[in-house]
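Quick caveat, the model's predicted, so the values are computed rather than measured. In each ligand, atom 1 is the first atom listed, and ligand 1 is the first ligand listed. We number each residue from 1, following the sequence as shown.
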Amino acid sequence: MAPFVWLLFLLLSSATACDRCVHQSKATFVKSVAALTSGACGYGSFAISLNGGNLAGSGSPLYKNGAGCGACFQIRCKDPKLCTSTGANVTLTDRNYDNRTDFVLGFFALLDMAHDGMARDIYKLGIVDIEYKRIPCVYEGQNLAVRVEESSQRPYYLQIKLLYQGGQTEIVAIDVAQVGSSIWTSMSRNYGAVWDTNRIPNGALTFRFLVTSGHDGKWIWATKNVLPDEWKAGEIYDTGVQITDIAQESCYPCDYGTW
Ligand SMILES: *[C@@H]1O[C@H](CO)[C@@H](O)[C@H](O)[C@H]1NC(C)=O
Ligand SMILES: *[C@@H]1O[C@H](CO)[C@@H](O)[C@H](O)[C@H]1NC(C)=O
């Protein structure tokens, strides 16, 4: 093999399973926070509490038809004159339809990313080169919760939204069952972080959530009766669990927290 081909082969075959990879991309900005909270994930005003209101919208590779909602990323721009080396930690709350960038960032994220007084200069550039990595979402002392959405109607229709989704992974399936029963009914993703079913088991309800842990799927069972018999629309119910799993990516070299 020619040396170049050999080197390429070495690089490709050494792409390893990593907790974090650093990706090169581009980002643009919106001034209004509302633009991202009212977004495709459906978090509404709750989004303001995510990462201090550092919100982002993203296109299909990261939005993943809604599975990416609630994911957390650390993003920094690549011009050290304008941006800090730590950048901003953001939560994905919206879909980005602009195919020129992977991220649309809200104003708070821009402020976090910029050196003092530089935010305006970055904003004026329109699109900037960035690098980003997936980071775990951490909600101190806060379990994964489900909010029963207003369009729910007992006993015919149940629509829930996922709140405080920790870890560095996605919820890709949700099942619901009567407490104590082993008959699980799968829910469907309605959009973003919102799931529903019109086949609701009787009685008090519990849930299990499928996430990627490492490279494999893993069910996480709620540790308690999540919804009481007489669940109510508009209420938020605790699942008793925190998700801390990490879905691995492949890249070389891995990032070990140093960028
Ligand atoms: C952003 O996330 C990184 C990685 O999890 C963490 O080390 C850092 O402290 C976070 N920064 C802020 C301001 O929370
Ligand atoms: C981005 O979207 C526009 C309009 O839909 C399309 O014309 C263009 O080819 C797309 N560019 C890329 C890189 O996909």
message: If you scan the protein for heavy atoms around atom 7 (O) of ligand 1, do you find one that is closer than 4.0 Å?
response: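 Protein heavy atom within 4.0 Å of atom 7 (O) of ligand 1: absent.
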
task: Could you tell me which atoms of ligand 1, counted from 1 in the order shown, lie closer than 4.0 angstrom to a heavy atom of Ile135?
output: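 So the atoms of ligand 1 that pass are 2 (O), 4 (C), 5 (O).
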
Whether [Y] and [X] form a salt bridge (side-chain N of Lys/Arg under 4.0 Å from carboxylate O of Asp/Glu) is what I want to check.
| X | Y | result |
| --- | --- | --- |
| Lys78 | Asp129 | no |
| Glu249 | Arg20 | no |
| Glu131 | Lys133 | no |

- prompt: If you measure only the distance, is there a donor-acceptor pair under 3.5 Å linking the side chains of Glu235 and Tyr237?
  reply: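 Absent: no donor and acceptor within the cut-off.
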
message: Can you report which non-hydrogen protein atom sits closest to atom 2 (O) of ligand 1, along with the distance?
response: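 The protein heavy atom lying closest is Asn89 ND2, 2.4 Å.
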
